[in-house]
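Written out below as structure tokens is the structure these notes cover.
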Amino acid sequence: MIISLRSISYDDLKNQLSKDDKIVINSCNTCIKSCGIGGLQNMTVLENMLLADGYNVLGIDLISIGCSLNLVEYHRQDIKKKEMYDEATVIITLICEDGYEGMKYVFKDKKVISITKTLGTGNFTMDRGVVLTHPFESTGLEKNSEGYELDEVAEKLGLFEDFFDEDDAAFKDEEYVDIIIDGEEVSAIKNQNLLCVCEENGIEIPHLCYNEELSEAGVCRLCLVKIEGRKDLVPACCTHVEEGMKITTNDEQLNKYRRIILELIMASQNHNCLTCSKGIPTPLYNCELQRLIRQFGIEKSRFDENNEFMPVDNSSPVIVHDPNKCILCGRCVRACEEIAGICNIGFINRGSETVVAAGLNVDMNQSDCAACMACVNACPTGALTEKVIHFTGKDWEPQKVYCEQM
Ligand code: FES
């Protein structure tokens, strides 16, 4: 993993900008995100800071692997982003220095500003977070198998370990509304996503098809809530808060529906959780479906299980696609379009025959897959996994067990 730290202050950044600039902020969603200075959240913070200071920010764009020239080019040409990129005069990019060179190449007609310094390679550790183990010579740091923690490196090299001050991001002229969630008064930004508002206030609503990095789809229906005055239940993930809303997120009826939905998902395929690599929770991977099934205490689905086995696509050098574990939430499809910028995977067939497939239903290695892992990171179950962890699930070996007769 490439390790980078922030190299300039917010004032340094503003000194490179003018109020006439038309700015797009983009970010790699891989190493730089793990280092705490990239990703959707940080782009949003910076966008808010610049907007509050009167700069013209046209938009933000998340790129699965920013150092892949092809992917950056796809994003630039993407029909939904092309106009924004064409209009921009400045690109502020949250990316490692290698990615910055590629970004300058793709956007050679624009001013491209980087905010990072890249220090070498390292690892993500369970207890110490990201550590730098192989510093570049230019850092003056010795190689160290223990690794250097990022705050230590930041101090030594006069860099910034964190992103631009998030507190400053609370400035944007947001309009706030008062709503009531489960009887409690809550203040929220007008039009904010209801599921996010609930989570920010410690109210967990079960969800599977929603992912904050992706567009809203509302297909799994697990996040249904009640809103006073609405005839029907509404999905919290596709609802935006308005003044005076009164919301119920948790009652017997809602939980009954959620349970039925989970049981239907369980019955829709043979999920084979016992041997699934995502069944073993790690900081990077865990099965969101399994977690919900445990939370609801479901031991068995009341519905007949579909035991039809579909072949596992093991053809990619880095990704395993197991359609038997797919819940058709569409997160991978949206990630491939919105974060990878490729649209390589999509739904094929109709009704109960619907499956996710690569290209025109070819093996992954025959398709345009860029192996950027956007789909793998988005998948809430074990349907798409990284090959290196795929076979780490339990291998169950039958054994003869002899019991003494009572
Ligand atoms: Fe809201 Fe799936 S998370 S419908």
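When a ligand or atom number is given, it counts from 1 through the structure's own listing order. Just so you know, these numbers use all the heavy atoms, side chains as well, and skip hydrogens, waters and symmetry mates.
Heavy-atom proximity to Leu208, at under 4.0 Å, picks out these atoms of ligand 1: 3 (S). Residue Cys220 has at least one heavy-atom neighbour below 4.0 Å for each of these atoms of ligand 1: 2 (Fe), 3 (S), 4 (S). The Tyr210 neighbourhood of ligand 1 comprises atoms 3 (S), with distances under 4.0 Å to a heavy atom of that residue. Here is the list of ligand 1 atoms found below 4.0 Å of a heavy atom in Val219: 4 (S).
Salt bridge annotation for Arg291-Glu204: present, with a cationic side-chain nitrogen under 4.0 angstrom from a carboxylate oxygen.
Closest non-hydrogen pair, Glu263 versus Lys300, comes out as OE1-O, 4.0 Å.
Between atom 1 (Fe) of ligand 1 and Cys237 there is an N/O/S contact shorter than 2.8 Å. Note on Cys223: counted as a metal contact of atom 1 (Fe) of ligand 1, an N/O/S atom lying under 2.8 Å.
Between Arg331 and the choices Glu288, Glu212, Glu338, the salt bridge (charged side-chain N to carboxylate O under 4.0 Å, His left out) rule is met once, by Glu288.
Annotation: cation-pi geometry not satisfied between Lys104 and Phe107 (NZ/CZ under 6.0 angstrom from ring centroid, within 45° of ring axis). Cation-pi contact between Arg221 and Tyr257: absent, since separation from the ring centre below 6.0 Å together with deviation from the ring axis within 45° is not met. Geometrically, Lys156 does not engage Tyr148 in a cation-pi contact, judged by NZ or CZ lying under 6.0 Å from the ring centre and within 45° of the ring axis.
Closest protein heavy atom to atom 4 (S) of ligand 1: Arg221 N, 3.1 Å. Protein heavy atom at the shortest distance from atom 3 (S) of ligand 1 is His207 CB, 3.3 Å.
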